[in-house]
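Worksheet for the structure shown next.
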Amino acid sequence: MKFFDDLRNLDRNNIGGWPKSVKGFFVAIVIIVILILGWYFYVSGEQDTLTSGQQQEVKLKQEFETKQAKVVNLDALKAQLAQMNEMLSQMLRELPSKTEMPALLVNISQTAQAAGIETDLFQPKPEIPKEFYAIQPIALKMQGTYHQFGTFISGVASLPRVVILTMHDVSLKAAKSAGKDAPPTGGELMLEGTVQTYRYLGDEEAQGKPNKTAAKKGGQ
C-alpha cells in the first residue's frame, strides 16, 4: 500500500516534506499519547479523589442516620433523663442530712451495743465532701459473734433513715482472749478498720455557698 511505502521512504531530515497521510498518522499518535498521559496523571488521580469522596459520603450518611435517630428520640430521652434525675434526687433525700448525722452516729453505736457487740472503738473522722453527698468515715474496733454482727447489720438497715455502710481496710478475724499469746475466744470475731457512711448535701452545700464564718473571714 502507498501509506506503508511512504512510511518506509520517510526522510527524517525533511519532516515538512512528509505526505499528509503520514503527518496525520503521527499527529494522531501524539494526540493519543497526550490523552493517555493526561488520563494517567490527572484523571486517575481524580478517580482516587472520587473514590475517597464516595467513601466519605457513605460515612456521612451513616452519621446522619444515627443523629437523625437520636433527634427523633430526643424528647423521649429528655423525659427519661428528667425522670432519672428525679429518682436520684428522691434517693439522695432519703440519706440523712447534716443535722441528722450526729444522732444517726449515736444510733449506729447503740445498735451495735443492743446486738451484744463489744465496742472498743467507734470514732467518726472528718467528713469528705463530694459533688452532692458527703462521706463520713468511722474508725471501728468491735468484738462479737457472727450472729451478733448479723443482728447489728440488720438493725442498721432498720433505722428510720437510709444508712449505707461500706467497708474500707476492714479486717475480720477470730478474737483473742486477754493476753497477747492467748488462744482465740470460741466463736468471737474481731472487726477492725474503717467503714464509711454517707449523707445528703443540702443545696447550699452542693453549690459551694460560703458559710457565715467564711464570709466574716473574707471581710476582715
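Hydrogens, waters and symmetry mates play no part in the numbers below; they use all other heavy atoms, side chains included.
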Inset, instruction - Answer yes if Phe152 and Val106 sit in the same cluster of Ile, Leu, Val, Met, Phe, Trp and Tyr residues linked by side chain heavy atoms under 4.5 Å apart, and no otherwise. - result: no
Legend entry - Common cluster, Leu104/Ile153, ILVMFWY with side-chain heavy-atom separation under 4.5 Å: yes
A side-chain contact here means heavy atoms from C-beta on lying under 4.5 Å apart; do [X] and [Y] qualify?
X	Y	value
Leu191	Ser171	no
Tyr198	Lys130	no
Met142	Met190	no
Thr151	Gln148	no
Met101	Thr197	yes
Gln56	Lys59	yes

Inset, instruction - Please name all residues satisfying side chain to side chain donor-acceptor pair (under 3.5 Å) with Gln123, sequence neighbours left out, ordered by chain then number. - result: none
Inset, instruction - List in chain and number order the residues that pass side chain to side chain donor-acceptor pair (under 3.5 Å) with Thr99, two or more places apart in sequence or in another chain; answer none if no residue qualifies. - result: Ser97
Inset, instruction - Just jot down the salt bridge (Lys or Arg N to Asp or Glu O under 4.0 Å) partners of Lys78, sequence neighbours excluded, or say none. - result: none
Rounded at 0.5 Å granularity, tell me how far [atom1] in [X] sits from [atom2] in [Y].
X	Y	atom1	atom2	answer
Leu140	Phe122	CG	CZ	6.0 Å
Leu60	Glu65	CG	CD	11.5 Å
Gln68	Leu74	CD	CG	13.0 Å
Ile135	Glu127	CD1	CD	10.0 Å
Leu121	Gln143	CG	CD	13.5 Å

Looking only at non-hydrogen atoms, find the nearest pair between [X] and [Y] and report the distance.
X	Y	answer
Leu172	Phe149	CD1-CE1, 4.3 Å
Pro126	Pro137	O-CD, 3.4 Å
Thr194	Val170	O-CG2, 3.2 Å

Using residues 111-120 as the side-chain source, report each donor-acceptor pair under 3.5 Å to any protein atom, sequence neighbours left out, with the distance given to one decimal.
unit_1 : atom_1 : unit_2 : atom_2 : d
Thr111 : OG1    : Asn107 : O      : 2.6

Inset, instruction - Show which residues join Ile36 in its hydrophobic cluster (side-chain heavy-atom contacts under 4.5 Å, direct or indirect), or state none. - result: Ile32
Inset, instruction - Could you tell me whether Glu100 and Arg199 make a salt bridge, using a distance below 4.0 angstrom between a side-chain N and a carboxylate O? - result: no
Inset, instruction - In plain terms, say whether Glu57 and Lys61 are close enough for a salt bridge, that is, a side-chain N and a carboxylate O under 4.0 Å apart. - result: yes
Inset, instruction - Count the heavy atoms of every other residue, nucleotide or ligand shown that sit under 6.0 Å from CD of Glu63, and state whether that count exceeds 12. - result: yes
Inset, instruction - For the pair Ser109 (side chain) and Leu105 (backbone), establish whether a donor and an acceptor sit closer than 3.5 Å, ignoring hydrogens and angles. - result: no
Legend entry - Contacts of Val71 that satisfy side chain to side chain contact (heavy atoms under 4.5 Å, CB included) - sequence neighbours left out: none
